Amino acid sequence: MLIFNLVLYPVLVVFWFGIFLRRKRQEAEEKLLTEQEHFLDELAGQYAKRGDMLEALEESMQVCGSRVQRELMRMVDLLKTEGGPEDSVSPGGHTKNACFLLLFTLCYTIRSFGDLRIQGVSLFVHNIRYIKEEVRTELLRRQEGRYAFLGLTTLCLLPFFFSIPIQLWSASISADLNRFYTGTYGFVTLILCFILTVICTVSVQELQYPTMPEGRKHTIAMRLLHIPALAKLIDIHIAAHYSRYLKKNEMLKVLQGFGNIREFLVQKLLCACGSVLFAGVVMAGSFAAGAGSGGYGVHLPGAGLLLILAACAVTGCFLPDAWVIILQVRTGQQKSEETLRFETLILIVRHFQMITVEEILRWMERFSSVFSRALQRAVDDFSYRRRESLEQLKEDLAYEPAVKLVEALIVCDDIPVAQAFYDLEGERAYHMEQHRQKVESLQREKAAFARVIAFLPFVALLALRLVIPFVLEGLTQLGSY
């Protein structure tokens, strides 16, 4: 059993190294945001001195690192070659691209329509402030999150490395305790502690660095659907529950993590089979450990084993549904972030008389991830169903702050864009403060929950590998008197 324990240690070390690399990537993103903030300050100063946007961009990028410089140089090249929105940085609502997208929007409109002065202040300099607010808010969120979760990942992983010292110390006290570490009980508890360590570590990481699924190419589920027999069975099952799965399919497309309902059902099947297979391997290993050492074990009848396998199958089947619920919560947060970005975008372009509603919609589509399908449909239909496409967009968005923006776009048929969004700056400030408070509250709740999770591996190791063996051994010796 000690050899098996030593095998699990390197696995956990590799897992820990993967988490370390992920943390380094997050720190790099935080550094990128800091550089962007410094760059925007420098850009405003350089433009005030020179009065030329391209010269100000080229001079200001000298304060940035190589990664930011590459993006800015590409932006400058696009502006010099009369590049448009379709040539700009990659679309999507990802935070790391938000600053570049907003800045390109600002530079593109200034290049196309010229600079204006609003209450004696350059519109270019005035709008840089909005972009800086976006960057600063995200930077503060990341910094506060880093301190709130400090040390919790280590707390999850470290206790498992004390499993061998606990076993050796227990054996030095009483040789009879070895049966709790070499037999079935020892194997099962060791596996349980290892699995709990991995699950708790992943949970803490997901709470600290929430992620949304991105574009997929060829998943296992998609490949399995190429099997005619399996595809036919899935289609028959969907047809039997068509109305329920139709609604589920629309929701999955918004989440962008499971493709369509057919892939989702295949993933449920894969998780169920994987859970049963894993449970079967653990059972076989526990029986082999018990038979090989004659240690303390638990013997279950065949019906009990089948019941355990059935429970594992049901649990695995519902894992994708649990992940969907988590993604729905994160999608709500992402809707708030994207709506704030839409408001920033409109504030940047609203003063230009030549800007059109269709151009605003196209920019919004490029900025969006969670609203992308609805906006793409509106853009495609706008040229021949102007009013109807915007009314449909209101229904598709189904998010009040975003719907208000669409209502203002509808009004733009009768009044200029600047008048339609005359109070947008105040609404954006209110929404940003509301968003910041929600993020802080949610982050505190997640950090508190993560602290509870982080202690579970320690408690499990202490109870299963130390307290229970000593208690059972003590009761055994008392019964022998």
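No experiment lies behind these values; they were computed from the predicted model shown. Nothing fancy with the numbering, it's 1 onward along the sequence.
Between Glu29 and Arg142, none of the side-chain N atoms (NZ, or NE/NH1/NH2) sits under 4.0 Å from a carboxylate O, so this pair counts as no salt bridge. A salt bridge does not link Glu338 with Lys335: none of the charged nitrogens is closer than 4.0 Å to a carboxylate oxygen. Under the 4.0 Å criterion applied to side-chain N and carboxylate O atoms, Arg362 and Glu358 are assigned as salt-bridge partners. Under the 4.0 Å criterion applied to side-chain N and carboxylate O atoms, Glu42 and Lys49 are not assigned as salt-bridge partners. Ion pair Asp396/Arg373 not flagged as a salt bridge, since none of the NZ, NE, NH1 or NH2 atoms sits closer than 4.0 Å to an Asp/Glu carboxylate oxygen. Here Arg141 pairs with Glu138 in a salt bridge; the nearest charged N to carboxylate O distance falls below 4.0 Å. Here Arg387 does not pair with Asp413 in a salt bridge; the nearest charged N to carboxylate O distance is not below 4.0 Å. The pair Glu27-Lys31 does not count as a salt bridge, with every side-chain nitrogen at least 4.0 angstrom from each carboxylate oxygen. The existence of a salt bridge linking Arg67 and Glu71 is excluded, since no basic side-chain nitrogen approaches an acidic carboxylate oxygen closer than 4.0 Å. Between Asp321 and Lys268 there is a salt bridge, with a side-chain nitrogen of the basic residue lying less than 4.0 Å from a carboxylate oxygen of the acidic one. Look at Glu206 and Arg22 and you find a salt bridge, because one of the NZ, NE, NH1 or NH2 atoms lies within 4.0 Å of a carboxylate O, short of that distance. Between Glu58 and Lys80, at least one side-chain nitrogen of the basic residue sits less than 4.0 Å from a carboxylate oxygen of the acidic one, meeting the salt-bridge criterion.
With a 4.5 Å cut-off on side-chain heavy atoms, Leu319 and Gln267 do not count as touching. A heavy-atom distance below 4.5 Å is not found between the side chains of Leu123 and Thr109. The shortest distance between side-chain heavy atoms of Gln392 and Glu388 does not fall below 4.5 Å. Between Arg74 and Phe100 there is no side-chain heavy-atom pair separated by less than 4.5 Å. Between Met53 and Leu79, some side-chain heavy-atom pair lies under the 4.5 Å cut-off. Within the 4.5 Å cutoff, the side chain of Leu103 has heavy atoms near those of the Leu72 side chain. Leu101 is not listed as a side-chain neighbour of Leu345, based on a closest heavy-atom distance of 4.5 Å or more. Two residues are said to be in side-chain contact when any heavy atoms from C-beta on lie closer than 4.5 Å; Phe124 and Leu116 fail this criterion.
Between the side chains of Tyr130 and Glu343, no donor-acceptor pair is found at a separation under 3.5 Å. Side-chain N/O atoms of Ser122 and Arg117 include no donor and acceptor closer than 3.5 Å. Residues Glu433 and Gln437 bring a donor and an acceptor atom of their side chains to less than 3.5 Å of each other. Residues Tyr47 and Ser60 have side chains that never bring a donor and an acceptor to within less than 3.5 angstrom of each other. Looking at Ser372 and Glu365, their side chains never bring a donor and an acceptor atom within 3.5 Å of each other.
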**OP:** Run the numbers on His38 and Thr34 for side-chain contact (heavy atoms from CB on, under 4.5 Å), then give the verdict.
**Re:** CA-CA 6 Å; His38 293 162; Thr34 304; 3.7 Å; yes
**OP:** Could you give me the CA-CA distance, side-chain angles and deciding distance for Lys394 and Ile410, then say whether side-chain contact (heavy atoms from CB on, under 4.5 Å) is met?
**Re:** CA-CA 10 Å; Lys394 288 170 55 179; Ile410 295 175; 3.9 Å; yes
Subject >> salt bridge (charged side-chain N to carboxylate O under 4.0 Å, His left out) between Arg146 and Glu30, worked out >> reply: CA-CA 10 Å; Arg146 177 158 48 85; Glu30 191 174 315; 2.6 Å; yes
**OP:** Kindly determine whether Leu265 and Arg262 satisfy side-chain contact (heavy atoms from CB on, under 4.5 Å), including the steps that lead there.
**Re:** CA-CA 5 Å; Leu265 292 175; Arg262 299 172 79 241; over 6 Å; no
Original post:
Going through the distances and angles, do Thr315 and Ser275 end up as a side-chain contact (heavy atoms from CB on, under 4.5 Å)?
Top reply: CA-CA 8 Å; Thr315 303; Ser275 299; 5.7 Å; no
Original post:
What do the steps show when you test Thr344 against Arg428 for side chain to side chain donor-acceptor pair (under 3.5 Å), and what is the final call?
Top reply: CA-CA 8 Å; Thr344 304; Arg428 177 181 175 275; 2.9 Å; yes
Original post:
Can you list the steps and then say if Phe367 with Phe342 is a ring pair (Phe, Tyr, Trp, His ring centres under 6.0 Å)?
Top reply: CA-CA 8 Å; Phe367 274 72; Phe342 293 159; 7.4 Å; no
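Ring centroid separation for the pair Phe161 and Tyr9 comes in under the 6.0 Å cut-off.
One finds the CH2 atom of Trp363 at 9.5 Å from the CG atom of Leu102 (value rounded to the nearest 0.5 Å). In this structure, CG on Leu40 lies 11.0 Å from CD on Glu134, to the nearest 0.5 angstrom. The distance from atom NZ of Lys446 to atom CZ of Arg451, rounded to the nearest 0.5 Å, is 13.0 Å. Within the model, atoms CD1 of Ile360 and OG1 of Thr356 stand 7.0 Å from one another, a figure rounded to the nearest 0.5 Å. Rounding to the nearest 0.5 Å places CZ of Arg111 at 12.5 Å from CG of Leu106. In this structure, CZ in Phe15 is found 6.5 Å from CG in Leu157, a value given to the nearest 0.5 Å.
With sequence neighbours left out, the side-chain contact (heavy atoms from CB on, under 4.5 Å) criterion links Ala408 to Phe421.
The backbone N or O of Ile261 sits less than 3.5 Å from a side-chain atom of Asn249, completing a donor-acceptor pair. Gln46 places no side-chain N or O within 3.5 Å of a backbone atom of Glu59 that could act as its donor or acceptor partner. Here the side chain of Ser336 pairs no donor or acceptor atom with the backbone of Gln333 at under 3.5 angstrom.
Closest approach of Gln205 to Thr153, counting heavy atoms only: NE2-OG1, 2.9 Å. The shortest non-hydrogen separation linking Glu35 to Gly65 is OE1-N, 3.2 Å. The shortest heavy-atom contact between Glu55 and Asp52 is N-OD1, 2.9 Å. His126 approaches Val121 most closely through the heavy-atom pair CB-CG1, 4.2 Å. Of all the heavy atoms in Val357 and Cys412, the pair that sits closest is CG2-CB, 3.6 Å. Contact between Phe264 and Pro320 at its shortest, heavy atoms only, is CE1-CB, 3.6 Å.
Crowding of Tyr399 atom OH: a count of heavy atoms from other residues, nucleotides or ligands under 6.0 Å exceeding 12. Within 6.0 Å of OH in Tyr242 there are 12 or fewer heavy atoms belonging to other residues, nucleotides or ligands. Around CZ of Phe458, the count of heavy atoms belonging to other residues, nucleotides or ligands within 6.0 Å does not exceed 12.
Using bins of under 30°, 30° to 60° and over 60° for the plane-to-plane angle, the ring pair His237/His241 lands in the tilted bin.
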